Protein chains: 6
Amino acid sequence: YGLAETENQIGVATGLAYTTVGGDTLQIEVSLSAGSGKLQLTGKLGDVMKESAQTALSYVRSKADEFGIDASFYENKDIHIHVPEGAVPKDGPSAGITIVTALVSALSKRPIKREIGMTGEVTLRGRVLPIGGLKEKTLSAHRAGLTTIICPKDNERDIEDIPESVREVLTFHFVSDAQEVLQLALEETKK
Amino acid sequence: YGLAETENQIGVATGLAYTTVGGDTLQIEVSLSAGSGKLQLTGKLGDVMKESAQTALSYVRSKADEFGIDASFYENKDIHIHVPEGAVPKDGPSAGITIVTALVSALSKRPIKREIGMTGEVTLRGRVLPIGGLKEKTLSAHRAGLTTIICPKDNERDIEDIPESVREVLTFHFVSDAQEVLQLALEETKK
Amino acid sequence: YGLAETENQIGVATGLAYTTVGGDTLQIEVSLSAGSGKLQLTGKLGDVMKESAQTALSYVRSKADEFGIDASFYENKDIHIHVPEGAVPKDGPSAGITIVTALVSALSKRPIKREIGMTGEVTLRGRVLPIGGLKEKTLSAHRAGLTTIICPKDNERDIEDIPESVREVLTFHFVSDAQEVLQLALEETKK
Amino acid sequence: YGLAETENQIGVATGLAYTTVGGDTLQIEVSLSAGSGKLQLTGKLGDVMKESAQTALSYVRSKADEFGIDASFYENKDIHIHVPEGAVPKDGPSAGITIVTALVSALSKRPIKREIGMTGEVTLRGRVLPIGGLKEKTLSAHRAGLTTIICPKDNERDIEDIPESVREVLTFHFVSDAQEVLQLALEETKK
Amino acid sequence: YGLAETENQIGVATGLAYTTVGGDTLQIEVSLSAGSGKLQLTGKLGDVMKESAQTALSYVRSKADEFGIDASFYENKDIHIHVPEGAVPKDGPSAGITIVTALVSALSKRPIKREIGMTGEVTLRGRVLPIGGLKEKTLSAHRAGLTTIICPKDNERDIEDIPESVREVLTFHFVSDAQEVLQLALEETKK
Amino acid sequence: YGLAETENQIGVATGLAYTTVGGDTLQIEVSLSAGSGKLQLTGKLGDVMKESAQTALSYVRSKADEFGIDASFYENKDIHIHVPEGAVPKDGPSAGITIVTALVSALSKRPIKREIGMTGEVTLRGRVLPIGGLKEKTLSAHRAGLTTIICPKDNERDIEDIPESVREVLTFHFVSDAQEVLQLALEETKK
Ligand SMILES: [Ca+2]
Ligand SMILES: [Ca+2]
Ligand SMILES: [Ca+2]
Ligand SMILES: [Ca+2]
Ligand SMILES: [Ca+2]
Ligand SMILES: [Ca+2]
Ligand SMILES: [Ca+2]
Ligand SMILES: [Ca+2]
Ligand SMILES: [Ca+2]
Ligand SMILES: [Ca+2]
Ligand SMILES: [Ca+2]
Ligand SMILES: [Ca+2]
């Protein structure tokens, strides 16, 4: 588990995690059902990661019009964000832009390009803040077959830490706003 | 307790558990009552297993149409998932596909084939993720009189660990999507 | 406190408990009031016993028609289950069938035969699972003046542990389904 | 604080408590406001005492008609039960009948006879169960100027522990049902 | 901070606190907004002080008519009680009458006389119970420029502990009922 | 992260924090969405800081008319206050006036002057209380490129602790009421 998907999908984005035993990839899954605006967060997520998901959701709500999303989704949908594998503890704010991407994909029905992995904290206004462990995350993305990495502008200096052999076969995008992430990661047209 | 049922039943699926003292079988019971969409989880379940049940339920809700289930069940039914024996602590994500099966059976009124035991984590999209302890689980299923085992595709390599005498008398199905589980485990027609 | 009642009552069933200092009898009291479906559990009950009560209630709700109970009780009644003595901690799943009996009695207004004590875990489908401490429970029931014991089929082998002098003056019923309990313990006609 | 009131009051009953430093009297205050059935419990009450109050309230609700109380109070009143002094921890089930008395007084507007102190656990059906520390409680009631003691029938044997000089100037009532308490403690007519 | 206000204000009463490092004054602030009866308590308040605020509020609700307050405030106002300074832990029941005064001032729009400091536990019926640390509280009130002290009748004997030089320049009111406090502390007319 | 913004923004105010390792700047972000008056607080905030935000919000609600804000926002908006960076614990009451400013900016659509940093506890009535660490906070504001500091009147004496070289290039405003803060920090006209 952790290999790139075999086709572009809706509501599933690939994040890059950094743990005590190295980098890893993780899937952020978003599922929508008819409901009343409840948010469910599962996958053994720590408090910081849960707050990161709430922040990502508020950002998407506040920009619904710009993202071509019917702003009333928060009244008539229940949103479930799950991060397999369910027994592995996960925490930290660095999945912020990945959660934004999975949410906008699910709400707009635009598929996510499957070759992309991403990492970056997101603020309530969509600013992308730097993260740790870029080297380890990048190596793990490479191992998982990803070819494009989206990461924070403020991590640009960390790219020198990545072995040149890996750096050369990957495409890097350094972003400072979550809207850049969406332009890079989402297909233009709805499925 | 733990022997195969004497006839196919609705809303009760047999899972395979792996504990410090070896494998065991467990029953996932689902009961529906007229209500307002409350989910109750009992049986001394740990947090990961509770999240696994919530993930299974969201998966079923999001696929209600495909499963021939009236999607409005979440508004007019209360759902209780119980795992006897009530004093025995249970945890982990590996009952995921068993919970999906019990839920779809209860909601569609299609009985579950009683000779089947199953194990596998399920994601929000229905992907089946690998589990641990396949050997111990299989031996316990055999002892309990089960003849068919459903387990994750990614556990296929672990089958070599199971004694040949047991392997020969059991039928194995290796699956990567929860819909395969439902096709294998549920009777075609409603009761 | 703990002696058999002097007449058959509605909504009070006698259970048999097993503690570190031996067996004991306990009363499961159920009170209904006009309300909106709230369930209250008091009497210093542990988590397993609370889940046992929730399981018993879901079982009764799902079988309301068969038990001659108006299924809408869950919308217009509040249910309070109390187990005196309020300062004594109680836990475990073995009061399951006792709770079912007290609930059905209160909801159907059929009195419970006062000479009966009972013990057994109940599942969501009404299966009766075995319990521990049958010998100690039986001796305590005898001391309290009870003459009939209902216990799980799977505990039938434990009867040899009970002193013959006690065994001879008690009537035992071994059951595998909660409906058998109700047939044995409830009076035919409503009060 | 702790001396008998100077006139009969509505919604305030005097209980007898037993602490590590001896007996004490306490006031159970009940206040009703227009509301929606919320129950508030204050006064640094432990879990057993809170459950005791919930049990007392359910008992009163289930007997509302017999007590001349409009059963709909639970929908249009908020109930606050407070036990001064707010910084002193209190626990245990023995204030049960005192809480019943204060509740029925507040709901029926019948004053409570100010010379009475009481102690006894109450069950959901109104049975009065024995308590500990009768001697210490009685001495403290005497010191506080009370002249009549209501206590559980099953504590009748403990009266021999009380010094004869005190026993002679107090009137004792031994009760087994909460309705006896109400007949003894409440004035006949509403204020 | 802690000096007497420069003019009489609505919804702010001055209490006297007693801490391990001596006496202190504190402000009880009450703010009302259009709402639905929610009560918010902030200022790092301990459980006893929170219960004291709930008791004060229930007292005010039950006496709304006598205090010239529209009793429906509990349905159409949200009430926030805050005690600056927000980082300083506060606890105990002795702010009871101060909270009552701030609440009635905010609800009736009658200003509180700024030269008054007060201390005393309040019960659900408005009885004023004695408090500790009267000497230290009084000295601190004097330092803060207050000239009038309201305290419980049952603390009258403690006045001898206060240095005569301070006692002479302060006016003391000893009260046994919260209504006396309101008559002393509130201006007659609304602002 | 932490440098002054490049243009005046709505709903983002710059606060000054004081940690064990020195001063720091932080952004208070406020996001509004169509909703029902829910308040969400994220950014690993401690209890005192959460209460500070609730106090700030109640102050703004109670002054809505004076601030040119439609008082009904509390019924039809959800409010999310986030403080990046999400993994850094934050606590204390000194962001009070910063939260007030961000809230009023978001609700009135008046941008906040980007060159201003601020610190000060706020009470329910808008009084500004003194804070600690003014020297460290000021140095950090200077490093981050801010040119104007708003701080509590009661901290005026602490200005002598700040190196003269820094003091000379910064403009200081000492305030005692939150309305002064808003006049200093908000642009006159809505965006
Ligand atoms: Ca992994
Ligand atoms: Ca680096
Ligand atoms: Ca087992
Ligand atoms: Ca293997
Ligand atoms: Ca007993
Ligand atoms: Ca045996
Ligand atoms: Ca006392
Ligand atoms: Ca004795
Ligand atoms: Ca102070
Ligand atoms: Ca003294
Ligand atoms: Ca920083
Ligand atoms: Ca200084």
Side-chain angles (χ1 to χ4, degrees), chain A residues 1-15 24-47 49-50 53 75-91 99 102-103 105-107 109 111-112 114 191, chain B residues 18 36-39 41 45-67 69-76 79 90-97 99-100 119-133 152-155 176-178:
Chain A
Y1 188 64
L3 293 185
E5 302 282 335
T6 53
E7 57 176 299
N8 292 351
Q9 299 209 20
I10 289 174
V12 194
T14 304
D24 200 1
T25 57
L26 49 76
Q27 308 287 309
I28 305 286
E29 299 185 315
V30 171
S31 165
L32 305 172
S33 313
S36 56
K38 279 196 284 276
L39 173 64
Q40 223 169 348
L41 300 170
T42 55
K44 206 162 181 160
L45 310 183
D47 286 347
M49 191 158 177
K50 282 182 184 162
E75 283 161 48
N76 51 40
K77 298 281 181 202
D78 286 347
I79 299 173
H80 189 150
I81 302 176
H82 178 64
V83 190
E85 314 158 18
V88 177
K90 301 153 197 103
D91 207 352
I99 300 172
L103 278 168
S105 167
L107 287 161
K109 301 211 182 299
I112 296 170
R114 66 187 166 89
K191 225 180 190 170
Chain B
Y18 177 43
S36 56
K38 279 196 284 278
L39 174 64
L41 300 169
L45 311 183
D47 286 347
V48 170
M49 192 159 177
K50 281 181 184 163
E51 290 194 348
S52 174
Q54 291 165 338
T55 302
L57 178 57
S58 289
Y59 168 69
V60 172
R61 286 175 68 190
S62 72
K63 298 276 180 192
D65 285 351
E66 298 178 38
F67 296 163
I69 296 168
D70 182 355
S72 68
F73 76 86
Y74 207 69
E75 284 161 47
N76 52 40
I79 300 172
K90 301 153 197 106
D91 208 351
S94 77
I97 60 173
I99 300 171
V100 166
T119 179
E121 176 172 346
V122 75
T123 81
L124 212 39
R125 291 172 294 155
R127 280 189 59 172
V128 180
L129 304 187
I131 49 74
K153 189 97 183 165
D154 288 354
N155 283 104
S176 57
D177 190 286

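Letters A, B, ... are given to chains in the order of the sequence lines, protein chains preceding strands, and every chain is numbered from 1. Values below: every heavy atom of this structure, side chains too, minus hydrogens, waters and symmetry copies. This is a predicted model, so every value here is computed, not measured.
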Just to verify, what does A:Asp78 make a salt bridge (charged side-chain N to carboxylate O under 4.0 Å, His left out) with, not counting sequence neighbours? B:Arg61
Please give me the minimum heavy-atom distance between [X] and [Y], naming the atom from each residue.
| X | Y | answer |
| --- | --- | --- |
| A:Pro84 | B:Thr123 | CG-CG2, 3.7 Å |
| B:Arg125 | A:Val12 | CD-CG2, 2.9 Å |
| A:Gln40 | B:Ser58 | OE1-OG, 3.9 Å |
| B:Ser62 | A:Ser31 | CB-OG, 3.7 Å |

Check whether A:Val83 gets within reach of chain B through its side chain, its backbone, both or neither, counting any heavy atom under 4.5 Å. neither
By a 4.5 Å heavy-atom criterion (distance strictly below it), what part of A:Ala87 contacts chain B: side chain, backbone, both, or neither? both
Can you list the steps and then say if B:Leu124 with A:His80 is a side chain to side chain contact (heavy atoms under 4.5 Å, CB included)? CA-CA 8 Å; B:Leu124 212 39; A:His80 189 150; 3.9 Å; yes
How many angstroms lie between atom OG of A:Ser33 and atom OH of B:Tyr59, to the nearest 0.5 angstrom? 12.5 Å
Side chain, backbone, both or neither: which part of B:Gln54 has a non-hydrogen atom closer than 4.5 Å to chain A? both
Evaluate the side-chain proximity of B:Asp47 to A:Lys44: yes if any heavy-atom separation is below 4.5 Å, no if none is. no
Taking atom [atom1] of [X] as the centre, does the number of heavy atoms from other residues, nucleotides or ligands within less than 6.0 Å exceed 12?
| X | atom1 | result |
| --- | --- | --- |
| B:Lys153 | NZ | no |
| B:Tyr18 | OH | no |
| A:Lys109 | NZ | no |

Residues passing the side-chain contact (heavy atoms from CB on, under 4.5 Å) test with B:Ser52, sequence neighbours excluded, are B:Ile99
